[in-house]
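Following: one structure in structure tokens, then a few remarks.
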Number of protein chains: 2
Amino acid sequence: MTAPPRSAAAAAAARVVDIGELRQSCAACALHALCLPASIDGHDLARLDHLVKRRQPLDRGATLFREGSAHPSLFVVRSGSLKTSVTLPEGDNQILGFHLSGEILGFDGLAGERHQCTAEALERASVCEVPFEQLSRVAAQVPGLQHQLFRVMSREFVREQQHPVMMGRKQALSRLAIFLRNLSERRAATGHDPLELQLSMSRQDMANYLGLVIETISRLFSRLHAQGLVRVERKTVRILDPAALHALAEGGEDENRALA
Amino acid sequence: MTAPPRSAAAAAAARVVDIGELRQSCAACALHALCLPASIDGHDLARLDHLVKRRQPLDRGATLFREGSAHPSLFVVRSGSLKTSVTLPEGDNQILGFHLSGEILGFDGLAGERHQCTAEALERASVCEVPFEQLSRVAAQVPGLQHQLFRVMSREFVREQQHPVMMGRKQALSRLAIFLRNLSERRAATGHDPLELQLSMSRQDMANYLGLVIETISRLFSRLHAQGLVRVERKTVRILDPAALHALAEGGEDENRALA
DNA sequence: CGGCCCATTGAGGTCTCTCAAGGCGTGTGG
DNA sequence: CCACACGCCTTGAGAGACCTCAATGGGCCG
């Protein structure tokens with residue numbers, strides 16, 4: 001599919017397509033299995049479907065919600081990717097995670113009336129929104145949904161725990177290897193080629209997430225490229241030697257000098 | 001209170017005291033406000049109280065649950081403190097957090113049938129246990145409890161996010177300052193003197209948690225002591241200059257050389 | 001085509017890690 | 001009650017890894 005010319009007719013057609021997408025119900029959604037409990041029946045599904053809002057696609061750099069945003073919601077990423085971050089008192093910010101297609105974000109807002117971090121699109125992205133207040137009410141009446149919510153929250157909880165595990169590694173090369181391996185696994189989980197990574201975030205974002213500086217990221221990529229472990233082409237990274245990358249990811253405590 | 005002599009009678013007396021503690025109901029528990037929704041009524045409270053198990057106190061080094069433990073539960077720390085950690089493929093482990101009196105742990109097990117990390121007592125500690133499977137069933141029938149569970153989970157979610165924020169700081173001194181400030185705030189939240197910290201974990205645990213080595217921790221404490229910011233006495237740390245500590249915690253990105 | 005931003009690469013400095021030795025507190029056994 | 005051993009913590013010297021500063025290269029968009 002090639003990019004259409006910028007005409008009013010084409011724009012209108014694109015909008016129609018978007019609306020078509022937006023009208024897609026939960027029952028027909030490709031992410032069905034990720035969102036919904038397997039045991040939910042047609043009647044309950046309709047109730048859930050009713051409170052899901054499909055938002056207009058977000059452009060690159062657009063914010064989905066900010067620290068302090070009221071009426072928090074859960075969001076399911078239907079396409080594209082986002083990053084979440086918190087702003088530190090000094091002004092700079094720490095990136096907490098990247099959220100790919102099929103993943104859920106927004107759990108930070110459930111503790112109170114407001115979101116605790118900021119979510120921004122890394123590329124054009126579309127999401128489903130489920131206002132938490134309404135979701136909570138429905139979950140109270142649909143035990144299967146409540147249970148699924150606990151499961152999904154806990155899964156995110158465990159996923160978040162991998163961040164400090166990575167940051168705790170003393171060697172920068174191990175952190176990057178873990179990061180790439182993690183993305184590879186998430187590609188596989190959504191049915192894509194796990195060896196072909198699309199890094200939608202900037203080098204700066206990666207550096208921030210890994211607790212390094214941008215130059216170090218760049219040098220490490222060059223090193224991995226020179227050793228034939230990956231093929232780096234701007235935002236596209238092809239993993240050529242998964243086993244070696246895996247070894248780098250593990251050997252981060254003290255014996256990685258032998259591997260380098 | 002001095003340590004009693006090791007006699008059979010004293011041991012029996014201690015056990016009686018323990019049982020007395022164990023029989024305390026949720027309604028009378030000092031942690032009431034942390035566990036329970038404010039709106040819960042007497043009848044529902046009784047149902048919840050019924051499924052809470054009070055465990056025998058854990059000795060220092062005892063494990064509350066391990067990675068892979070079946071039938072996951074939530075635990076409320078009633079006294080003492082614990083640490084949670086995951087074991088890495090190479091054999092060493094990463095500490096994910098410390099859990100003080102009044103705090104809740106065990107959310108890692110809700111995603112599946114088993115816990116995903118290991119919890120170990122840092123000192124003699126007592127906890128309340130709530131098997132998640134039963135809690136989930138009751139929560140489905142008590143909307144106030146369900147809502148409170150979401151809130152507590154989300155609060156832990158946000159609390160966990162502070163770990164990578166701290167690890168992301170390039171300077172070791174900032175990480176330690178943030179760690180101490182965090183402990184201070186948690187002391188204040190539970191009604192204790194926020195300037196008097198009892199570090200129940202070893203220097204090795206602190207180093208692991210902060211992504212540093214033990215010698216660095218020791219040197220940083222000496223530096224803070226020499227500058228008059230804290231008074232370090234083995235496991236006891238008294239904060240003498242909270243403002244300066246706060247400044248160190250913030251100025252970690254690049255301008256902290258000016259402060260040191 | 002030109003400007004701009006992002007990414008890459010190089011040289012030098014410094015913070016933290018590594019390796020090593022010594023001090024202190026605790027618990028155990030005589 | 002004291003002596004000893006053990007573990008934990010502290011302190012020092014040296015090396016290595018990453019950060020800082022600086023300049024160049026390459027896409028992307030106007």
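The sequence lines fix the lettering, A, B, ..., with proteins before strands; numbering per chain opens at 1. Below, each value reflects all heavy atoms present in this structure, side chains not excepted, and no hydrogens, waters or symmetry copies.
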To the nearest Å, give me how far apart [atom1] ([X]) and [atom2] ([N]) are.
{"X": "A:Leu199", "N": "C:dC6", "atom1": "CG", "atom2": "C1'", "value": "14 Å"}
{"X": "B:Asn208", "N": "C:dT16", "atom1": "CG", "atom2": "P", "value": "18 Å"}
{"X": "B:His225", "N": "D:dC9", "atom1": "NE2", "atom2": "P", "value": "17 Å"}
{"X": "B:Asp205", "N": "D:dC8", "atom1": "CG", "atom2": "P", "value": "10 Å"}
{"X": "A:Met167", "N": "D:dC18", "atom1": "CE", "atom2": "P", "value": "14 Å"}
{"X": "B:Arg223", "N": "D:dG12", "atom1": "CZ", "atom2": "C1'", "value": "16 Å"}
{"X": "B:Arg169", "N": "D:dC19", "atom1": "CZ", "atom2": "P", "value": "15 Å"}
{"X": "B:Lys170", "N": "D:dC21", "atom1": "NZ", "atom2": "P", "value": "13 Å"}

List for me each residue that meets side-chain hydrogen bond (donor to acceptor under 3.5 Å, both in side chains) alongside [X], sequence neighbours excluded, and say none if there are none.
{"X": "B:Thr87", "value": "B:Glu67"}
{"X": "B:Glu123", "value": "B:Ser81"}
{"X": "B:His192", "value": "B:Thr190"}
{"X": "A:Thr236", "value": "A:Gln198"}

*How does each nucleotide of nucleotides 7-13 of chain C score, in 5' to 3' order, for protein heavy atoms under 4.0 Å: base (B), sugar-phosphate only (S), or none (-)?*
SBBBB--
*Quick one: does B:Ser200's side chain have a donor or acceptor within less than 3.5 Å of a partner on B:Leu122's backbone?*
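Answer holds: no.
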Which atom pairs link the protein and nucleotides 21-23 of chain C when you take only N or O atoms and keep those under 3.5 Å?
none

*To 10°, what angle do the rotation axes through the five end pairs on each side of the helix from C:dC1-D:dG30 to C:dG30-D:dC1 form?*
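About 40° separates the two local helix axes.
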_Test of understanding: with ring-ring contact (aromatic ring centres under 6.0 Å, His included), list the residues that count as partners of A:Phe157, not counting sequence neighbours._
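If we apply the ring-ring contact (aromatic ring centres under 6.0 Å, His included) test to A:Phe157, skipping adjacent residues, the hits are B:Phe107.
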*Residues two or more places apart in sequence or in another chain: which of them pass ring-ring contact (aromatic ring centres under 6.0 Å, His included) with B:Phe75?*
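For B:Phe75, the residues satisfying ring-ring contact (aromatic ring centres under 6.0 Å, His included) (neighbours in sequence not counted) are B:Phe65.
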*Could you pull out all residues at least two apart from A:Glu185 that satisfy salt bridge (charged side-chain N to carboxylate O under 4.0 Å, His left out)?*
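Residues passing salt bridge (charged side-chain N to carboxylate O under 4.0 Å, His left out) with A:Glu185: none at all.
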*Listed once per pair and sorted, the salt bridge (charged side-chain N to carboxylate O under 4.0 Å, His left out) pairs that draw on residues 187-210 of chain A, sequence neighbours left out*: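 Qualifying pairs, neighbours excluded: A:Lys83-A:Asp205, A:Asp193-A:Arg238, A:Glu196-A:Arg238.
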*Verify the contact: side-chain N or O of A:Gln171 to OP1 or OP2 of D:dC18, cut-off strictly under 4.0 Å; return yes or no.*
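Indeed, a polar side-chain atom of A:Gln171 lies that close.
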*Among A:Thr118, A:Val127, A:Leu100, which one satisfies side chain to side chain contact (heavy atoms under 4.5 Å, CB included) with A:Leu82?*
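It is A:Val127; the other options fail the test.
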Solution key, residues 159-167 of chain B side-chain donor-acceptor pairs under 3.5 Å, sequence neighbours excluded:
{"residue": "B:Arg159", "atom": "NE", "partner": "B:Glu156", "partner atom": "OE2", "Å": "3.4"}
{"residue": "B:His163", "atom": "ND1", "partner": "B:Leu96", "partner atom": "O", "Å": "3.3"}
{"residue": "B:His163", "atom": "NE2", "partner": "B:Tyr209", "partner atom": "O", "Å": "2.9"}

